[in-house]
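I have placed the structure first, in the form of structure tokens, so that the comments after it can refer back to it.
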2 protein chains.
Amino acid sequence: MKIDDAAARLEALGNPTRLKIYRALVRAGDNGLSVGRLQTRLDVAASTLSHHLKTLLVVGLITQERQATTLICRANYGLMQGLIEFLVDECCVETICAPAPSKMPSQSAIVVLKGKGTSR
Amino acid sequence: MKIDDAAARLEALGNPTRLKIYRALVRAGDNGLSVGRLQTRLDVAASTLSHHLKTLLVVGLITQERQATTLICRANYGLMQGLIEFLVDECCVETICAPAPSKMPSQSAIVVLKGKGTSR
DNA sequence: CTTCTATTTCTATTATTCTAGAAATAACAG
DNA sequence: CTGTTATTTCTAGAATAATAGAAATAGAAG
């Protein structure tokens with residue numbers, strides 16, 4: 001993942017309204033949620049919701065599938081995992097070549113995550 | 001982590017310049033990097049860099065430690081892990097109570113990550 | 001074709017963010 | 001105190017984003 005793509009995706013998630021939308025879709029799983037269902041759940045103007053959905057769609061964080069007049073939205077899990085891996089990979093790579101052998105306290109948290117990177 | 005905090009952190013990472021700053025610090029590990037070192041590496045105006053560092057600092061994504069006249073910046077790994085867990089937890093919780101037993105294709109990616117949540 | 005529901009596009013307003021030059025401050029050395 | 005380096009705060013202009021009302025479009029049903 002390129003850094004500008006990653007930034008665009010993080011920015012898309014970095015708005016409270018859009019993050020709520022995204023989380024609702026993550027919770028919904030593969031069933032997804034229609035735009036209208038999202039609107040009543042999150043109590044936001046239809047045009048505002050549509051605007052935010054487009055933002056999430058453009059960066060690939062969600063997908064949409066039309067079922068007659070309703071649009072089903074779903075979170076794109078694979079892309080989320082790619083984003084997470086982008087955030088944690090390359091962690092501390094420069095530390096190896098540097099002195100500072102003594103204290104390395106806060107590293108465990110990331111190591112735990114790094115060890116888990118399966119599908120890339 | 002509250003949703004507004006998570007959004008603020010994602011927004012902080014959602015600017016290409018700030019994401020580069022953050023990644024440089026993640027790469028640097030616990031040695032960290034001084035503000036001046038970051039400036040020459042990323043080739044950004046000092047005032048702009050200071051502005052972005054403050055943004056990252058306010059949301060807790062980085063820490064700063066003064067060493068005489070220079071300020072050492074470090075990534076806050078623990079907070080990053082918290083953010084990642086916020087993004088993937090509650091995944092698909094509503095699907096359990098819903099029909100749709102057949103297709104569940106894209107779930108593995110998240111399940112892999114969910115199983116790893118150790119320190120919270 | 002008309003109507004109905006679902007959703008988007010258009011439009012405008014208000015608010016926020018990005019950027020960087022200039023001036024100010026912090027910490028130290030001499 | 002003076003000078004020097006490192007960093008921040010002030011300021012301001014340009015750009016971008018958030019919100020939502022109104023109008024337009026999509027698809028299906030009658």
Side-chain angles (χ1 to χ4, degrees), chain A residues 3-25 28 31-76, chain B residues 3-25 28 31-76:
Chain A
I3 196 155
D4 282 353
D5 292 334
R9 285 158 187 165
L10 290 164
E11 185 183 32
L13 292 174
N15 171 277
T17 303
R18 278 196 299 269
L19 188 53
K20 282 170 196 151
I21 294 169
Y22 182 79
R23 288 207 102 203
L25 295 179
N31 290 330
L33 285 174
S34 71
V35 175
R37 197 104 181 69
L38 277 169
Q39 197 199 334
T40 56
R41 280 207 194 186
L42 303 179
D43 192 33
V44 64
S47 61
T48 304
L49 176 59
S50 180
H51 168 77
H52 285 312
L53 285 173
K54 193 174 183 182
T55 301
L56 291 168
L57 192 64
V58 163
V59 300
L61 279 166
I62 67 170
T63 61
Q64 289 184 327
E65 176 197 358
R66 186 168 277 281
Q67 285 184 0
T69 54
T70 74
L71 262 183
I72 305 297
C73 306
R74 293 189 181 84
N76 181 349
Chain B
I3 196 155
D4 282 352
D5 291 334
R9 285 157 187 166
L10 290 164
E11 185 182 33
L13 291 173
N15 170 276
T17 303
R18 278 195 300 270
L19 187 54
K20 281 170 197 152
I21 293 168
Y22 182 79
R23 287 207 101 204
L25 294 178
N31 290 331
L33 286 173
S34 71
V35 175
R37 197 105 180 70
L38 277 169
Q39 197 200 332
T40 56
R41 280 207 194 185
L42 303 178
D43 192 33
V44 63
S47 61
T48 303
L49 176 58
S50 181
H51 168 77
H52 285 314
L53 285 173
K54 194 173 182 180
T55 301
L56 291 168
L57 192 63
V58 163
V59 300
L61 279 166
I62 67 169
T63 60
Q64 289 184 326
E65 177 196 357
R66 186 167 278 281
Q67 286 184 0
T69 54
T70 74
L71 261 183
I72 306 298
C73 307
R74 294 189 181 84
N76 181 349

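Source: prediction; values computed, not measured. We name chains A, B, ... by the order of the sequence lines, and we start the count at 1 in each one. These values consider heavy atoms only, across backbone and side chains, with no hydrogens, waters or symmetry-generated copies.
Residue-level contact check: Ala68(B) touches the backbone only, with heavy atoms under 4.0 Å from sugar-phosphate atoms and none from bases. Residue contacts shown for Thr70(B) are limited to sugar-phosphate atoms, with no base heavy atom under 4.0 Å away.
Atom P of nucleotide dA6(C) and atom CD of Gln67(A) are separated by 14 Å, given to the nearest angstrom. One atom, CD of Gln64(A), and another, C1' of dA26(D), lie 14 Å apart when rounded to the nearest Å. Atom pair His52(B):NE2 and dT16(C):P shows a separation of 18 Å (rounding to whole Å applied). In this structure, the CG atom of Leu57(B) is 10 Å from the P atom of dT9(D), given to the nearest Å. The distance between atom CG of Leu49(A) and atom C1' of dT5(C), rounded to the nearest whole Å, is 16 Å. Remark: C1' of dT7(D) and CD of Gln39(B) are 9 Å apart, rounded to the nearest angstrom. One interatomic measurement links the two molecules: CD1 of Ile72(A) to P of dA26(D), which rounds to 19 Å at whole-angstrom precision. In this structure, the CZ atom of Arg37(A) is 12 Å from the P atom of dA6(C), given to the nearest Å.
Here the side chain of Arg74(A) pairs no donor or acceptor atom with the backbone of Thr63(A) at under 3.5 angstrom. A donor-acceptor pair is defined here as one N or O able to donate and one able to accept, closer than 3.5 Å; no such pair exists between the side chain of Arg18(A) and the backbone of His52(A).
Residues of residues 4-25 of chain B having a heavy atom closer than 4.0 Å to DNA chain D: none are found.
Close to dT9(D), at under 4.0 Å from its OP1 or OP2, lies a side-chain N or O of Lys54(B).
What you find for Ala7(A) and Leu19(B) is that their closest heavy atoms are N-CD2, 3.6 Å. The minimum heavy-atom distance linking Val59(A) with Ala8(A) is given by the pair CG1-O, 3.9 Å. Scanning both residues, Tyr22(B) and Leu61(B), for their nearest heavy atoms gives CE1-O, 3.6 Å. The shortest non-hydrogen separation linking Leu57(B) to Ile62(B) is CD1-O, 3.3 Å. Taking both residues in full, the closest heavy atoms of Thr55(B) and Ala12(B) are given as CG2-CB, 4.1 Å, listed atom of the first, atom of the second, then distance. Val35(B) approaches Cys73(B) most closely through the heavy-atom pair CG2-SG, 3.8 Å.
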Any chance you could list the contact pattern along nucleotides 20-26 of chain C? Use B for base contacts, S for sugar-phosphate-only contacts and - for none, protein heavy atoms under 4.0 Å, 5' to 3'.
BBB----

